Number of protein chains: 4
Amino acid sequence: MNQAAPRRQRANGVESRRRILDAAVQITGERGYEGTSIAAVSAVCGLPASSIYWHFKDKDDLIAAVIERSFETWLAAVELPGDETAAPLERITELARNVAKSLLEAPDFLRLGLMLVLERRPEEPRGRVEFLRVREIAHERVAAMIELLVPGLDPESVRMLTSYAVAGADGLFVHREIAGDGVDLVQLFELHARLVYEAAVRISEGASR
Amino acid sequence: MNQAAPRRQRANGVESRRRILDAAVQITGERGYEGTSIAAVSAVCGLPASSIYWHFKDKDDLIAAVIERSFETWLAAVELPGDETAAPLERITELARNVAKSLLEAPDFLRLGLMLVLERRPEEPRGRVEFLRVREIAHERVAAMIELLVPGLDPESVRMLTSYAVAGADGLFVHREIAGDGVDLVQLFELHARLVYEAAVRISEGASR
Amino acid sequence: MNQAAPRRQRANGVESRRRILDAAVQITGERGYEGTSIAAVSAVCGLPASSIYWHFKDKDDLIAAVIERSFETWLAAVELPGDETAAPLERITELARNVAKSLLEAPDFLRLGLMLVLERRPEEPRGRVEFLRVREIAHERVAAMIELLVPGLDPESVRMLTSYAVAGADGLFVHREIAGDGVDLVQLFELHARLVYEAAVRISEGASR
Amino acid sequence: MNQAAPRRQRANGVESRRRILDAAVQITGERGYEGTSIAAVSAVCGLPASSIYWHFKDKDDLIAAVIERSFETWLAAVELPGDETAAPLERITELARNVAKSLLEAPDFLRLGLMLVLERRPEEPRGRVEFLRVREIAHERVAAMIELLVPGLDPESVRMLTSYAVAGADGLFVHREIAGDGVDLVQLFELHARLVYEAAVRISEGASR
DNA sequence: AATGAATGAGGATTCATTCAT
DNA sequence: AATGAATGAATCCTCATTCAT
């Protein structure tokens, strides 16, 4: 049965697009890729399903856009570590703290991305591709940070430490999703940063001797 | 109105149930909760959809059973670390290696479980509940291991280190799902075990001084 | 999923048949012909669906048996009017009172029968045929009673009055089904009996003059 | 995955809704609530099942709409008794005749409503609620008519006579459904009207004395 | 006398998508 | 820029029924 809400304002493409994406973030966060139906997005945003297709080519396109926008929101929330003269451990811990906080504020991109990444469907959704793309960006930044703060590491070690660092971040995020608000995510990220840093230093020192 | 067709094979409940679960593991691993259709499971296992409903109350029930059986398979694959006289770091590394190997062999339970756990649907699927239950078992085992090998830790530290250890395992698993066979999961788990162990020792020593 | 109850006693055909009919009366009374599923009957009586088919040829057969048994229960509840020397109006009122009371006690036969009779499905269910059969019996009894108590009526008038009498009973039963326990069915049946009797007398007198 | 077919006719909501209701009246009249399948309605009206769900929320909603529209059709068919100067018995007989004729022409509302009313399903269908609502309207009209034509009746007697009058109408309708075209429904309604009227007069006179 | 297991057909409903307006 | 109406395919699940044991 038709349940469209009454028109609230005259046509405004940008605003409508935003409302659709807002609704889609909510639904995808709740139900994942397959669980997200255009009808559900329509019900939440108040626009008819056909209007969603005016703004987005298809469901895949919509979800890729959700990931993209959500990643940008998240990136904006990760403030860059300020003081370039501080000690390496300080700087790396500061970054970890920022990431932890950003994940508390804008976690949609990561939650949805991880869901997409855990699936193995034959035809890869564009949202998954998009997630892997933006994740690569994050990966490179971490690698650059490690190389900067712990010089002298061989590329293979940098790669391993970066993977370990990012994987740990993912795991801690998942842990908080499971265990809820009681988890002190900032503290865990600080621990993580310290362990990664010390491992890097040890490898670096072992190699230079 | 509806007429039943002639029987084709002798009824065998246990065997049929197994075939259904085998098919369901495969599909859920590929497509997650919503993406798993009874029709697809039926196509893979060769039994009609209505027969699936003889063995399982509904889709939810089927997926919970998948998680349960998959966890048991996984548990059996994690061999307990043998030599009780070995050094703690040796023993903990051995466990990590076993976990890494088991996740390479029987990862369905964890992949599906993580998917379910990342969703936030209002009505919690039974599969999610089941995953949280078995995950709690794993959690307790890790905690016991830490307390055994690094005595003198306060409960709060044990809790934090256990969370960190399990979260790291999750993250590394996800990393391998993303990056594929090129990842040396065993090596990463060894690194993870060492870092957790050293952190535990440091906390323990700091506290005892 | 299989949900059969544990065996409660050794095989006993009569008892099982009774349990099935008891369950079927309940379900058909609630949901009508189409709404009654073998699975629902099975769930209520605790016997597996296949056992129901051991006792009854098919669903149609089961429902016809429900009607038949329910009608017999009802017939037994209608006590015959006792005093043969009483005045006609007394006797007819007494009968009406008995019918009213029996409909308060054992109304399944009529409720289910009316449901079947209001449908117009192409293939007539055996239950409907059965209901029409037993209803015809009731019709004949009423006709005999009218002819006995108000002699001299032409057959056409007897037929009309009988139809009117039975139709009124049906309508009053429906009225009570709708309006609930607050309805004084006995009082309404007394009124009905008196009006039918007086109409009969008037017709008879008019004809004899 | 699913691709839509080309449009075949210009969209016209009102007309489609009418076609669906026309089909639904026919099917519900034949098979009752449970027996009415959306697929059958779709086959009769020519619109695909999914289109029915554009116009009606679910099957319950459709059947409630059927009752509502059918009642309106019936109400329109019951012409109001014309001559306000005629004798009360004349006027009441005229009304009864009109009701009888209307039930011969547009009986769907009553047949379907009675089916719904005889069921006792735990979750009450909206169609049932709708039927009770419109039936209440009919009830009030009859009560008003009785009060107008036989003044001086106490409210309790009006209530009882109204119930008896409406119940008789239901019963006579059922009788014709069973016995078929051979029944002279108009004659039976005339008899019914006369008996109710005379009973009312007698009660009124008895009370005033 | 009974039942565990199975089966094809069909149940209501939702799906992603299209298109004329 | 937007939407009412429509649509075929697919969704989960229940149906009446059968049959080997």
Side-chain angles (χ1 to χ4, degrees), chain A residues 2 4 7 10-17 34 36-40 42 47-55 57-60 62, chain B residues 1-17 34 36-40 42 47-55 57-60 62, chain C residues 2 4 7 10-17 34 36-40 42 47-55 57-60 62, chain D residues 1-17 34 36-40 42 47-55 57-60 62:
Chain A
N2 35 4
R7 301 289 298 108
R10 48 214 139 96
N12 179 339
V14 177
E15 161 72 359
S16 290
R17 198 186 140 97
E34 293 269 2
T36 296
S37 77
I38 300 294
S42 159
L47 293 161
S50 46
S51 294
I52 296 177
Y53 280 87
W54 198 91
H55 290 277
K57 185 178 155 298
D58 55 19
K59 183 175 150 177
D60 225 33
L62 170 61
Chain B
M1 214 174 296
N2 4 16
Q3 238 74 12
R7 213 54 1 89
R8 8 211 94 155
Q9 54 189 103
R10 35 176 36 263
N12 183 342
V14 177
E15 161 73 0
S16 290
R17 199 187 140 96
E34 294 269 2
T36 297
S37 78
I38 299 293
S42 160
L47 290 160
S50 47
S51 293
I52 296 177
Y53 283 91
W54 170 261
H55 293 277
K57 189 177 150 302
D58 54 19
K59 186 174 146 177
D60 224 33
L62 170 60
Chain C
N2 35 4
R7 303 288 299 107
R10 47 214 138 94
N12 179 339
V14 177
E15 161 72 0
S16 289
R17 198 187 140 94
E34 294 269 1
T36 295
S37 76
I38 300 293
S42 159
L47 293 160
S50 46
S51 294
I52 296 176
Y53 280 87
W54 198 90
H55 290 278
K57 184 179 154 299
D58 55 17
K59 182 174 148 176
D60 226 32
L62 169 61
Chain D
M1 213 175 297
N2 7 15
Q3 239 74 12
R7 213 53 1 90
R8 7 211 95 156
Q9 55 189 104
R10 35 173 40 260
N12 183 343
V14 176
E15 161 73 0
S16 291
R17 197 185 141 98
E34 294 269 1
T36 296
S37 78
I38 299 294
S42 159
L47 289 160
S50 47
S51 292
I52 296 176
Y53 282 89
W54 170 260
H55 294 277
K57 189 178 151 298
D58 53 20
K59 185 174 144 175
D60 224 33
L62 170 60

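Just so we're clear, the structure is a prediction, and the values are computed from it rather than from any experiment.
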Calculate the interatomic distance between [X] atom [atom1] and [N] atom [atom2]; express it in whole Å.
{"X": "A:Ile52", "N": "E:dC15", "atom1": "CD1", "atom2": "P", "value": "12 Å"}
{"X": "D:Tyr53", "N": "F:dA9", "atom1": "OH", "atom2": "C1'", "value": "15 Å"}
{"X": "D:Leu62", "N": "E:dA12", "atom1": "CG", "atom2": "C1'", "value": "12 Å"}
{"X": "A:Glu34", "N": "F:dA10", "atom1": "CD", "atom2": "P", "value": "13 Å"}
{"X": "B:Trp54", "N": "F:dC19", "atom1": "CH2", "atom2": "P", "value": "17 Å"}
{"X": "B:Asn12", "N": "F:dT21", "atom1": "CG", "atom2": "C1'", "value": "13 Å"}
{"X": "A:His55", "N": "F:dA1", "atom1": "NE2", "atom2": "P", "value": "8 Å"}

Worksheet, complete the sentence: Those residues at least two apart in sequence (or on a different chain) that pass side-chain contact (heavy atoms from CB on, under 4.5 Å) with D:Ser51 are D:Leu47, D:Pro48

Discussion item. Base of E:dG11, side chain of D:Ser37 - is there a donor-acceptor contact under 3.5 Å?
Written reply: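 Under the 3.5 Å cut-off, the side chain and the base do not form any donor-acceptor pair.
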
Worksheet item: 5'-most contact on DNA chain F: D:Val14 or C:Asp58, nearest heavy atom basis?
Response: D:Val14

Closest to the [X] side chain, choosing from [options]:
{"X": "C:Ser51", "options": "F:dA6, F:dT14, E:dA2", "answer": "E:dA2"}
{"X": "A:Lys59", "options": "E:dA16, F:dC15, F:dT3", "answer": "E:dA16"}
{"X": "A:Leu47", "options": "E:dT17, F:dC19, F:dT3", "answer": "F:dT3"}

Discussion item. Closest-nucleotide mapping onto DNA chain E: is B:Pro48 or D:Ile38 further toward the 5' terminus? I mean the 5' end.
Written reply: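 By nearest-heavy-atom nucleotide position, the 5'-most residue is B:Pro48.
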
Discussion item. Nearest heavy atom decides the nucleotide; on that basis, is A:Ala40 or D:Ala40 closer to the 5' end of DNA chain E?
Written reply: D:Ala40

Worksheet item: Would you say A:Ile38 and A:Leu62 make side-chain contact, with heavy atoms under 4.5 Å?
Response: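 A:Ile38 reaches A:Leu62 side chain to side chain.
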
Nearest heavy atoms of [X] and [Y], plus distance in Å:
{"X": "A:His55", "Y": "A:Gly13", "answer": "CE1-O, 3.3 Å"}
{"X": "B:Glu34", "Y": "A:Glu34", "answer": "CB-CB, 3.5 Å"}
{"X": "B:Ser42", "Y": "B:Ala49", "answer": "OG-N, 3.6 Å"}

Discussion item. I need the C:Ser16 OG to C:Trp54 CH2 distance, nearest 0.5 Å.
Written reply: 9.0 Å

Worksheet entry | Touch class at under 4.0 angstrom, heavy-atom based, for C:Thr36 against every strand present | sugar-phosphate

Discussion item. If the cut-off is 4.0 Å, is A:Ser16 near the phosphate of F:dA2, judged by side-chain N/O to OP1 or OP2?
Written reply: yes

Worksheet, complete the sentence: Intra- and inter-strand pairing of DNA chain E, written as dot-bracket with Watson-Crick and G-U pairs under 3.5 Å and | for the latter, reads .||||||||||||||||||||

